[in-house]
Amino acid sequence: METRFTKNVLSVVERIPSGQTLTYKEVARRAGNSGAYRAVGNILHGNHDPKIPCHRVIRSDGKTGGYNQGKKEKIKKLKSENAI
DNA sequence: CGTATGACGTGCA
DNA sequence: GTGCACGCCATAC
């Protein structure tokens, strides 16, 4: 079930350019719910679409957070595009 | 709306 | 700097 918020979040993440990283909070703010960063993580967790560069979404602490393919791969991808 | 969960964030010890 | 607890919102059951 994709609600407007979920679709928005996916769209925002999909719009993230290469080498650019956004925090869950920023994504939530762009999606229309600045305080729903918790839900953002949940949405990405349930959405494993290859068109969604979820690896470009990191935490505010500078940590990568999680990844359906493995946080290790996430870090690798980020370093590969010089985003981190 | 009730309960439970989560790839988070901030605050405080 | 590290660790723990609380809060916050959306989705699933």
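To find a chain, count down the sequence lines: A is the first, B the second, and so on, and within it residues start at 1. Computed from heavy atoms alone, side chains included, the values below leave out hydrogens, waters and symmetry copies.
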Exercise. From A:Asn68 CG over to A:Glu73 CD, what is the distance, rounded to the nearest 0.5 angstrom?
Worked result: 11.0 Å
Seminar exercise, completed: From the candidates B:dA7, B:dG6, C:dT11, the one with an atom nearest any side-chain atom of A:Thr6 is C:dT11
Problem set entry | Point-to-point distance, once rounded to the nearest 0.5 Å, from CZ of A:Arg56 to NZ of A:Lys77 | 9.5 Å
Exercise. Quick one, which residues of residues 49-62 of chain A touch DNA chain B with a heavy atom under 4.0 Å?
Worked result: A:Cys54, A:Arg59, A:Ser60, A:Asp61
For this session: Measure the distance from CG on A:Asn47 to P on C:dA12 and round it to the nearest whole Å.
Result: 11 Å
For this session: Answer with base, sugar-phosphate or nothing: what part of the nucleic acid does A:Tyr24 contact at a heavy-atom distance below 4.0 Å?
Result: base
For this session: Nearest whole angstrom, please: distance from the P of C:dT11 to the CZ of A:Arg4.
Result: 13 Å
Exercise. Which nucleotide, B:dA7, C:dA10, B:dG9, lies nearest any side-chain atom of A:His45?
Worked result: B:dA7
Name the atoms and distances for all side-chain donor-acceptor pairs under 3.5 Å in residues 12-31 of chain A, with sequence neighbours left out.
from	atom 1	to	atom 2	distance (Å)
A:Thr23	OG1	A:Glu26	N	3.2

Exercise. Between A:Lys7 and A:Thr3, is a side-chain contact (heavy atoms from CB on, under 4.5 Å) present by the stated rule, with each step listed?
Worked result: CA-CA 6 Å; A:Lys7 198 174 178 182; A:Thr3 62; over 6 Å; no
Exercise. Do the side chain of A:Lys74 and the main chain of A:Gly65 share a donor and acceptor less than 3.5 angstrom apart?
Worked result: no
Problem set entry | A:Lys72: partners by side chain to side chain contact (heavy atoms under 4.5 Å, CB included), with sequence neighbours left out | none
Problem set entry | From CA spacing to verdict: side-chain contact (heavy atoms from CB on, under 4.5 Å), A:Lys71, A:Lys76 | CA-CA 8 Å; A:Lys71 55 188 179 183; A:Lys76 191 175 179 181; over 6 Å; no
For this session: Output the distance between atom CZ (A:Phe5) and atom CG (A:Leu10), rounded to the nearest 0.5 Å.
Result: 9.5 Å
For this session: Find the distance A:Asn42:CG to B:dA4:P and express it as a whole number of Å.
Result: 16 Å
For this session: Kindly point out which of C:dA10, B:dA7, B:dT10 is positioned nearest to the side chain of A:Asn68?
Result: B:dA7
For this session: Give one of base, sugar-phosphate or nothing for A:Asn33, where a contact means two heavy atoms less than 4.0 Å apart.
Result: sugar-phosphate
Problem set entry | Between CG on residue A:Asn47 and CD1 on residue A:Ile52, distance to nearest 0.5 Å | 5.5 Å
For this session: Rounded off to whole Å, could you give me the CG-to-C1' distance for the A:Leu44 and C:dT11 pair?
Result: 13 Å
Problem set entry | Integer-rounded Å distance: B:dA7 C1' and A:Ile75 CD1 | 13 Å
Problem set entry | Between P of C:dA10 and CG of A:Asn8, the distance in whole Å | 12 Å
For this session: Indicate, with a heavy-atom threshold strictly under 4.0 Å, whether A:Ala39 touches base, sugar-phosphate, or nothing.
Result: base
Under-3.5 Å N/O pairs linking protein and nucleotides 5-8 of chain C:
from	atom 1	to	atom 2	distance (Å)
C:dG7	O6	A:Arg38	NH2	2.5
C:dG7	N1	A:Arg38	NH2	3.1

Exercise. Is the distance from OP1 or OP2 of B:dA7 to the nearest side-chain N or O of A:Lys63 less than 4.0 Å?
Worked result: no
Seminar exercise, completed: Sequence neighbours excluded, the answer for side chain to side chain contact (heavy atoms under 4.5 Å, CB included) partners of A:Asp61 is A:Arg59, A:Lys63
Exercise. What integer distance in Å separates A:Lys74:NZ from B:dA7:C1'?
Worked result: 6 Å
Is there any protein nitrogen or oxygen under 3.5 Å from a nitrogen or oxygen in nucleotides 11-13 of chain B, and what are the pairs?
none

